[in-house]
Amino acid sequence: MNDSSHRAHGLAGDSTPPDWPTLTTAEVETLLAGYPQVGRFDAIRWHSPRPLSAACLVETARGSVFVKRHHHRVRSVATLSEEHRFIAHLRHAGLPIPAVLHDAQARTAVAIGDWVYEVHERAKGIDLYREAISWEPLPVSNHALVAGRTLAMLHNAAEGCAAPQRDTHILVARSELILAADPIAALQTQLPARPGLASYFAERNWTSELSELLAPWHAAAQPLLARQPRLWTHGDWHVSNLCWSDSSAGAHITDVLDFGLAAANFALFDIATAIERNAIAWLALDGHAAHADIACALIEGYRQVRPLDDADVDLLANLLPLVHVDFALSEVEYFHAITQSRANADVAYDTFLRGHAAWFGTREGQSLLQAVRNCA
């Protein structure tokens, strides 16, 4: 879909051509003409390597802004505005998040042709993990401690956000399937509204494969998960979505970024996602993949701000093999129906959805789950 020389992060930790064309000078200049507060466009300074949208840092007469563009089949104005309302709620509660800018017509999401755009203030801090991919473990345990504390602050700020659930499944971290008493039946009820996923499933023995995936974990965890208090969550708590005061081990977080996966879930869902994203080297499973020190630092930082009792930590361990299920299926749907990459859809289904769950049944996966329980 794109012949640019710009490279994006691939699913195997490599660099690949991006799914979407890079942002051009002409389109950014046209877009920012509707934002008089940013001043005259100067130049695009950097293109993001993140693969699921196109984004860049732009220099203007009054400083830098961050511009992000989505295809309309991934984010409509309405579904993007859901993220922006959550950001506004968190900022009002004092969380350090760059503001989403309004254009001259008071819009935070702007549709032009097949694209939907958003413009943000530039983050204040240092983007230490800018080049880190989402499956790389965090190398500094004290940064994990700080990230855990900040996640708890986000959850405190999210209290009182009563917005309805996201109006899309595409590239959103939701939890309806793992909360359902019968996830297979719940997914079957979704398929009429998700024809892209249904089309992919037509060539898979998906009911048997998902039943096998869920069987070791779901029955014991689901009753307790279903009783968790509803809370809007970030959905992608990886250090590449955080900016820092400096590069030292004692650095603090200055900015929280990227609410594209945010949805109405529950607090343990975000903590489990943080462990899955930051404490497991998913691209190096034949080596030392589990980083229990990072997992426990995330938990310890979190409970310094927001309580977690022993039962919560035990449930968190039981949740870890399941937390990725809804999002992995959304990636299958995205790759199969929108970017039309069967190869990437198969990676999302076989390597991400099924492979990650299966890893927790290995000796190393079981050891990590026990280490998490021992953090109680």
Side-chain angles (χ1 to χ4, degrees), residues 23 27-48 50 52-70 75-112 115-130 147 150-151 153-163 166 172 232-245 252-263 270:
L23 286 150
E27 70 176 312
V28 172
E29 191 168 15
T30 297
L31 173 70
L32 293 185
Y35 292 78
Q37 72 272 33
V38 307
R40 186 190 69 256
F41 169 86
D42 183 8
I44 295 174
R45 298 301 185 193
W46 171 77
H47 289 281
S48 170
R50 304 294 165 186
L52 305 180
S53 59
C56 63
L57 280 174
V58 179
E59 195 71 30
T60 77
R62 297 177 185 169
S64 297
V65 294
F66 181 73
V67 175
K68 193 171 183 179
R69 185 195 65 206
H70 312 264
R75 288 290 180 269
S76 66
V77 167
T79 53
L80 187 56
S81 297
E82 293 166 349
E83 301 167 24
H84 296 167
R85 287 191 289 271
F86 184 42
I87 290 171
H89 176 94
L90 295 175
R91 281 177 51 83
H92 182 74
L95 205 72
I97 306 172
V100 187
L101 302 183
H102 292 74
D103 74 353
Q105 299 180 52
R107 302 173 299 183
T108 60
V110 178
I112 303 175
W115 308 106
V116 179
Y117 298 83
E118 54 186 320
V119 182
H120 299 247
E121 289 181 335
R122 182 172 184 169
K124 300 177 179 64
I126 300 169
D127 197 354
L128 280 181
Y129 299 100
R130 171 188 279 185
T150 306
L151 182 59
M153 293 166 55
L154 184 150
H155 289 169
N156 283 342
E159 297 282 2
C161 180
R166 297 296 298 271
V172 171
W232 267 72
T233 55
H234 182 276
D236 192 14
W237 198 256
H238 184 257
V239 288
S240 60
N241 288 325
L242 304 170
C243 287
W244 301 78
S245 58
H252 66 270
I253 291 169
T254 59
D255 310 84
V256 177
L257 311 175
D258 197 354
F259 286 79
L261 275 59
D270 247 3

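Judged by distance alone, with hydrogens and angles left aside, the side-chain atoms of S81 form no donor-acceptor pair with the main-chain N or O of H84 at under 3.5 Å. Of the possible polar contacts, none joining the D103 side chain to the G34 backbone as a donor-acceptor pair under 3.5 Å is found. Without hydrogens or angle criteria, E83 side chain to A263 main chain gives no donor-acceptor distance under 3.5 Å. Between the side chain of R75 and the backbone N or O of G260, at least one donor-acceptor pair lies under 3.5 Å. Although no hydrogens or angles enter the test, the distance criterion places no donor-acceptor pair under 3.5 Å between the side chain of H70 and the main chain of L80. Between the side chain of D236 and the backbone N or O of A262 there is no donor-acceptor pair closer than 3.5 Å.
Using a 4.5 Å heavy-atom threshold, the side chains of L261 and V172 count as separate. Using a 4.5 Å cut-off on side-chain heavy atoms (C-beta onward), R166 and W232 make contact.
Note that CZ of R40 and CG of L32 are 12.0 Å apart. Values are rounded to the nearest 0.5 Å.
Considering every non-hydrogen atom in both P98 and H120, the closest pair reads O-ND1, 4.4 Å. Contact detail for I44 and L23: the closest heavy-atom pair is CD1-O, 3.7 Å. In plain terms, the two heavy atoms of T60 and V38 that are nearest each other are OG1-O, 2.6 Å. Across every non-hydrogen atom of A111 and V77, the tightest pair is CB-CG2, 3.8 Å. Among all heavy-atom pairs drawn from V110 and Y35, the shortest one is CG2-OH, 3.5 Å.
Between W237 and H234, the two ring planes are perpendicular [angle over 60°; tilted spans 30° to 60°].
Relative to the six-membered ring of W46, R130 meets both conditions, a distance below 6.0 Å and an angle of at most 45° to the axis.
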